[in-house]
Amino acid sequence: MAFVAKPDRIDTFSTIHDWESADYEPTLPVSEKSNPLTRHIDRAPASSIVKMLQACDAQMFQEKSQTQYQRLLSEEMVKTLMEVAERVRLILKDPQDSLVVLSGCGTSGRLAFFMASGFNRELQRLNYAPVCSYVIAGGDRALFSSQEAPEDDPTLGALRLKKVSEGKKRVLFVGVSCGLSAPFVAGQLDFCLRHPDVYTPVLVGFNPAHQARKEPIPGCTLTFHSVVTRMEELAKTQKAFLINPALGPEAISGSSRMKGGSATKILLEVVFSASFSRTPVTFNGILQHLRSYEKALDFTYSHSEEIAALMEAAGRSLQCGRQVCYLGWGSLGLLGLIDASECKPTFGADHEDIRGFVSGGYKELGNNEGDLTLMGPEFSISHDDFLDGVLPRLTDDDAVLLLYSHSDDVDEVAKLARRVREKTSNIHAAYHQTDGDAAAKQDDINKLCSSTVIFTWPQEASKRLQHLREFSTKLLLNAVSTGAHIFKGKVFKNYMIDLQVTNSKLYRRAARLLQKLSGHSESECEEALLKAIYQVDKLSEDIATCSLETHTHTAAKAKKVVPLALVCLLTGCSIKEAESRLEQQPIVREAMETCLKSS
Ligand code: F6P
């Protein structure tokens, strides 16, 4: 059975530990470093992209080497997970006065919602009270759309946490910031540290503590690093907890939705499953559970050919300016929504490029703010919305991907697949079943699809099936959307070259990228970035003295900011000329290469 199959060795194997050496991109935290394994991902065919992603993901489970880095499977990490699981148990004993709050920004906040809802469902099934809540920076609209600005606001973070936990006597707060960087989460952790009688803070992230962000946060005296230092002190007496293994750099530099998101899901599911169980929390139990995800990773990538075919189909649609739609059921559908929503800040995508729809829409979600449909087209997320708004204009150039499992309403899947098939033959499926499941109806669906990835999970996985197939689906979707954007030319080497510059972290990342690719000085690059944001060739005194917040706010309305700035830096041309160059060569990667060659 493929569940335990090991991945193929890839030719870049020798570089697998390079990122750990002290002189590899020493000024960057792990979560922002570029991964040596994916240096040429922008030029690779789909099959090689999948192999590179597999190798990057496998780094999550690598054992601790001789370096400073704590890893996912380190002894200390497992012990911390055990301690946090015991804390969750205390909350379960006193549901009236206690609460668990999961929180984060962007994908970290979406996963906080995803898991809080899933854990509550599981608790109710086990006859416990649902004690989990979530807070996402930017509120529920950030669940499906890109809202990066609130990430910069520590006061807002603290206020939201205060509000959701009003009146509770004991709160376990889990703040997720993959890069140990989001001021929103720093504000929440600080709030917990100032109210230790009620709050116990847990920080989940993927850099060592000394690499936490040191940049001052405007309007307050905190830095993320200063908060982490206080937490480290309290962690000695278990009054705070740090869960921060290094996972290795992301396949696309800084894209924490990938490994960061996956590891967040793994860690919290391992902790919460252990605490919900009626058996004692044990070291081996936690370790085995962590290892089951490693097996699931290998199992997922044992379908690499089919994943590559999906990636190619999605890439073809984006390349010709058409759409990719994920139509999902249950939690797999929700993962589709999450994957799609991150494409805008990462690749400068339009919200129409990759869209997710989930069966049952908001009824299925049970989010804090209820039905958001009236907020605009981005918030139409049900299959009915798809049938009304998207299906009528679907062509063979649009790709549709069905995401479902044996336990979903397969008749409904078949019905929708038939409707889609009437409009396009470019329909695909990713389907999960367990060894021995009868598959008659699913065969009918397969016949309607031009490709299907069938994950047949072995019986040994059945205990944790739900979480594992979600994990597997997340890996598949991340691969499909990343690969598709690579084919569209939105990645240069392994950098997101057309990222949005909509908060301070993204602004700094963009400025750094410009420096790296142009070789110009920090101040020249920042100047070019501002000129691109404000669409001017000369910076006025007014612009130069505006706050970073004003810059990122203005950048939200602009397009192709980083490519524009880079063209200007490399050629010395005006913004207008840079715009026309990019119009002539809309594939950003090609435009960058042309400029680099001629510079
Ligand atoms: O600012 C946008 C973003 O980079 C998202 O892409 C990401 O999901 C989010 O920030 C959260 O980042 P972190 O978990 O590191 O705080």
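Order of listing sets the numbers, starting from 1, for every ligand and every atom in it.
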Verdict with supporting geometry, Q466 and S331, side-chain hydrogen bond (donor to acceptor under 3.5 Å, both in side chains)
CA-CA 9 Å; Q466 175 73 3; S331 58; 3.0 Å; yes
Side chain, backbone, both or neither: N503 near ligand 1, heavy atoms under 4.0 Å:
side chain
Considering only non-hydrogen protein atoms, determine which one is nearest to atom 16 (O) of ligand 1 and report residue, atom name and distance to 0.1 Å.
S177 OG, 2.7 Å
Just need the protein heavy atom nearest to atom 8 (O) of ligand 1, so name the residue and atom and give the distance.
T107 N, 2.8 Å
Look only at interatomic distance and state if S108 has a nitrogen or oxygen under 3.5 Å from any nitrogen or oxygen of ligand 1.
yes
Answer with side chain, backbone, both or neither: which part of L506 has a heavy atom less than 4.0 angstrom from an atom of ligand 1?
side chain
Does an N or O from C178, backbone or side chain, lie closer than 3.5 Å to an N or O of ligand 1?
yes
Give a yes or no on this: more than 12 heavy atoms of other residues, nucleotides or ligands lie within 6.0 Å of atom CD of E549.
no
Between K559 and D498, is there a side-chain N and carboxylate O pair less than 4.0 Å apart?
no
Using a strict cut-off of 4.0 Å, indicate which atoms of ligand 1 neighbour a heavy atom of A182.
16 (O)
Who's the nearest protein heavy-atom neighbour of atom 6 (O) of ligand 1, and how far?
E342 OE2, 2.1 Å
Using 4.0 Å as the upper bound for N to carboxylate O, is an ion pair formed by E148 and K505?
no
Closer than 4.0 Å to some heavy atom of E151 - which atoms of ligand 1 meet that?
1 (O), 2 (C), 3 (C), 9 (C), 10 (O)
Out of curiosity, is R257 lining ligand 1, as in a heavy atom under 4.0 Å away?
no
Strictly below 4.0 Å, N to O, side chains only: are K344 and D353 in salt-bridge contact?
no
Would you please indicate yes or no on a ring centroid separation below 6.0 angstrom for F144 and H351?
no
What atoms of ligand 1 come closer than 4.0 angstrom to any heavy atom of E148?
1 (O), 2 (C)
I'd like to know if E527 pairs up with K531 as an ion pair, taking the criterion as any Lys NZ or Arg NE/NH1/NH2 lying under 4.0 Å from an Asp or Glu carboxylate oxygen.
yes
Ranking G106, C105, S31 by closest non-hydrogen atom to atom 11 (C) of ligand 1, top hit is C105
The closest protein heavy-atom partner of atom 15 (O) of ligand 1 is G179 N, 2.9 Å
Could you tell me the residue and atom name of the protein heavy atom closest to atom 10 (O) of ligand 1, and the distance to it rounded to 0.1 Å?
K505 NZ, 2.8 Å
With the side chain counted from C-beta on, respond yes when F272 and E122 share a heavy-atom pair under 4.5 Å apart, and no when they do not.
no
I'd like to know whether the aromatic ring centres of Y199 and F173 sit less than 6.0 Å apart in this structure.
no
